[in-house]
Amino acid sequence: MGEEGGSVTLLCLTASSGVPLFCRSLGAPSKHQLPFPVIGSLNGVHMFGANLDVLLTAACTTNTHVVWRVFHNSITLIVLSSEEGASDFALGRLLDNAFSAMVLILGLEELVNIRNIERLKKDLRACYKLIDSFLAPLERSGDLTQCVECVPVPHGAALQECLEAFAGAAESRFGCLVAGGRLALATEPWWQLAPQELLLLSWLVGSLPPHAARDYPIYLPHGSPTVPHRLLTCQLLPGLEACLICGPSPALHTVETELVPRFWKPLLEPLQACVSPQPHSLPHGTTLPPGVLAFLLIHREQRSSQSSVQPPGSGGEGLSPRCRARALRHFYALVAARYFPWEGSPAPPQEPFQAGFPHRARHCYVVSATHKAYAIHAPQHQLFLLLAPHVPTFALRPLAARTLQRLTGDTAL
Amino acid sequence: MAVSTGSVIVPDWHKSPEGKEYLATILRKNKRKFFGLIERPVLPPQMAADTASYKIFVSGKSGVGKTAMVAKLAGLEVPSAHHETTGIQTTTVYWPAKLRDSGRALIFRFHFWDCGEAALKKFDHILPACKEKADGILFLFSFTDRSSFDDLPSQISRVTEGSENFVKIVIGSKFDQFMHTDVTERDLAEFRRAWRLPVLRMKSVNGPRLADGRTLDGRAGLAHVAHVLNGLAEHLWYQDQVMAGIVPAPQPGTEETSLC
Ligand SMILES: Nc1nc2c(ncn2[C@@H]2O[C@H](COP(=O)(O)OP(=O)(O)OP(=O)(O)O)[C@@H](O)[C@H]2O)c(=O)[nH]1
Ligand SMILES: [Mg+2]
């Protein structure tokens, strides 16, 4: 990423004529353009293959990884990454997220039946912020895991009850609280949205410039790609938003001036606790065994995740939070693509590793000079850990099991 | 328009020692303080002041500078490139001001409703939602776009159609670009005479930053927009007084004298 000189560039073109629609790069805005001949060649080589019935999906040079994908025969996305450790798996997810983000904001219709290219280009600008957040996920991982990131909520029961009542009064079944772009609480129907929708919605709310309230038209990429709904957001506190998905009623004015004060004002203190300093780490009072630098916990059934690259006690050991995040992402991508089957994912091209064995991997570890990493696939959870290099390799497994137990109470390994 | 500048609100009060104390409730170490919907500025007991809340709909054609203006007034980063606003976004801005007649300090709470012109045309619930229970409407034109100025009369009648009880204020945006202006002082004077509407001028450009080189200097930012915030306060407060029968309604035909 940026600090190591690696870069990621995403190109979007019309599939039929190869007209560039936009180009986004990680880093300075001046990088947001690639020379036209380069764009032309990248698209040309893919089209050339297509004309010969060859589907070009990915290519590698010594320092750059390129992945192509065409969506609905209408939009071509191409990603180029010179980041160390870039993988087909991670770049494939990036393309998928980017296209779904476009559907979320513009609707499928406008992307599939392109009538006016200039209009489309203009409309696509509304997606830039969200797409850019996929190019620079920093300390996040939901884009990769497709499991919405959650924050632990103190006083959860009282807030949940209030959320249900608030959504009910707004005639909506879909309500949630988003803290710093992560999901704090949600109504049951909200959890029934597609995992990618859960993810996109909280990343969208986290990526928009701050506003007291919004009435934002959205299309659900899986549930309602052509019929818009209204996403209402109300900023209860800076960094904490109550969100609803609604039909034509109620009016934003009613929600903002009547429902918000009525339901949320009495809960000012518990709400403040949701945004106080250490937001996205551990439930209050939980500590992790020494040597754990970062963790990513996936709740398999709910398709949600929890993570931290600076859990309490991991202090200044070795890697910076940014490097830990990157290492954890790479480890996840490696394990998810090769060793752990991941139900319901748009299957990435599997390497034939699995095929040679009658059984499936349940544990997996990697040892490098700067860190060790360990993953557990348990019935209800997946846990990915980054550990200090001084932790003895033979101790990784019990240590990981203990961490899982502390995080979840899950002992069934 | 029956209010002349400075007749209702003390214009430079925010620079006085007393005004500065009130300003301190919306600043933290020279940064603007931001408030969620369930919060408000906290005043020490000896400074107690009422809050006057207004919903203000910001209208104007695409690219005229609605979003930039609201960001500037709120002390947020002004976007450098034009991205059409998706749907409706609202922003609250608190502004302490002093009433000239009673000498009373008030906290004004402006609630701006900004929607993209394209979104407004695409979805029909947006315009009614913005107008619902609005107290005021701002009509924006840009000093660098003559057509946006010429379009004001039709914009005003289009937007206010069917409801007349809004305080109407015209805002000329991109006033910092006066070198390239398409709209002259004469044009403005003529417009004021014909329409009897106040005209304010807005420069929505990011001001100086604090020592870290990133955070906007909130105090400097407020100083840049104080005249606009006072202008809004003045017209909205005055209209309230008229509605409540506390001051007489303006007589038709009174000559407009103010230079805003
Ligand atoms: N120099 C200067 N530029 C401005 C000013 N106001 C707006 N702009 C620029 O004009 C462009 C459009 O401004 P916006 O505020 O996004 O326009 P809008 O009225 O919200 O447009 P829609 O959302 O499409 O309806 C942006 O690039 C702004 O930076 C101003 O006062 N001075
Ligand atoms: Mg706008």
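This one's a predicted model, so the numbers in the text were calculated from it and none came from an experiment. Reckoned from all heavy atoms, side chains included, excluding hydrogens, waters and symmetry mates. Proteins get letters first, then strands, A, B, ... in listed order; numbering begins at 1 in each.
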Open item on the list: On a heavy-atom basis, which atom in Pro238(A) and which in Gly36(B) lie closest, and how many Å separate them?
Closed with: CD-N, 3.7 Å

TODO: Let me know if Ala71(B) has heavy atoms under 4.5 Å from chain A in its side chain, its backbone, both or neither.
DONE: neither

Open item on the list: Please report the interatomic distance CD1(Ile88(B)) to CG(Leu252(A)), rounded to the nearest 0.5 Å.
Closed with: 6.0 Å

Task: Within 6.0 angstrom of Lys203(B) NZ, more than 12 heavy atoms from elsewhere - done: no

Open item on the list: Would you say that His211(A) contacts Thr90(B) through its side chain, given a criterion of any heavy-atom pair below 4.5 Å between the two side chains?
Closed with: no

Task: Asn113(A) atom CG, neighbour heavy-atom count above 12 within 6.0 Å - done: yes

Open item on the list: To check you understand the geometry: which heavy-atom pair defines the closest contact between Glu39(B) and Leu268(A), and what is its length?
Closed with: CG-CD1, 4.5 Å

Open item on the list: Could you report the tightest heavy-atom contact between Leu37(B) and Ala212(A), atom names first, then the distance?
Closed with: CD1-O, 3.5 Å

TODO: Give the member of Phe123(B), Trp113(B), Phe112(B) that has the highest number of heavy-atom pairs under 4.5 Å with chain A.
DONE: Trp113(B)

Task: Largest heavy-atom contact set with chain B, pairs under 4.5 Å, which of Leu208(A), Leu231(A), Leu236(A) - done: Leu236(A)

Task: Rounded distance [0.5 Å steps], OH in Tyr216(A) versus OG1 in Thr85(B) - done: 9.5 Å

Open item on the list: What I'd like to find out is whether the side chain of Pro209(A) reaches to under 4.5 Å of the side chain of Leu76(B), using heavy atoms alone.
Closed with: no

Open item on the list: Surrounding CZ of Arg209(B) (heavy atoms of other residues, nucleotides or ligands, distance under 6.0 Å), is the total greater than 12?
Closed with: yes

Task: Residue pair Ile126(B) / Asp215(A), side-chain heavy-atom distance below 4.5 Å - done: no

Task: Heavy atoms of other groups near Arg109(B) CZ, more than 12 under 6.0 Å - done: yes

Open item on the list: Given heavy-atom pairs under 4.5 angstrom as the criterion, report whether the side chain, backbone, both or neither of Lys265(A) touches chain B.
Closed with: both

TODO: Check Arg125(A) against His82(B) and note the closest heavy-atom contact, atom names and distance.
DONE: NH1-O, 2.9 Å

Task: From Lys55(B) atom NZ to Thr257(A) atom OG1, the distance as rounded to the nearest 0.5 Å - done: 8.0 Å

TODO: Evaluate the side-chain proximity of Lys122(A) to His83(B): yes if any heavy-atom separation is below 4.5 Å, no if none is.
DONE: no

Open item on the list: Taking atom CD as the centre, does Glu77(B) end up with more than 12 heavy-atom neighbours from other residues, nucleotides or ligands that are less than 6.0 angstrom away?
Closed with: yes

Task: Largest heavy-atom contact set with chain B, pairs under 4.5 Å, which of Lys129(A), His253(A), Gln235(A) - done: His253(A)

Open item on the list: Using heavy-atom distances under 4.5 Å, tell me whether Pro248(A) contacts chain B through its side chain, its backbone, both, or neither.
Closed with: neither

Task: Non-hydrogen side-chain atoms of Pro217(A) and Thr86(B) separated by less than 4.5 Å - done: yes

Open item on the list: If you count heavy-atom pairs within less than 4.5 Å of chain B, which of Glu256(A), Arg230(A), Glu241(A) leads?
Closed with: Glu256(A)

Open item on the list: The test is salt bridge (charged side-chain N to carboxylate O under 4.0 Å, His left out); show your working for Arg119(A) and Glu84(B) and say whether it passes.
Closed with: CA-CA 11 Å; Arg119(A) 183 67 245 170; Glu84(B) 284 179 0; 2.6 Å; yes

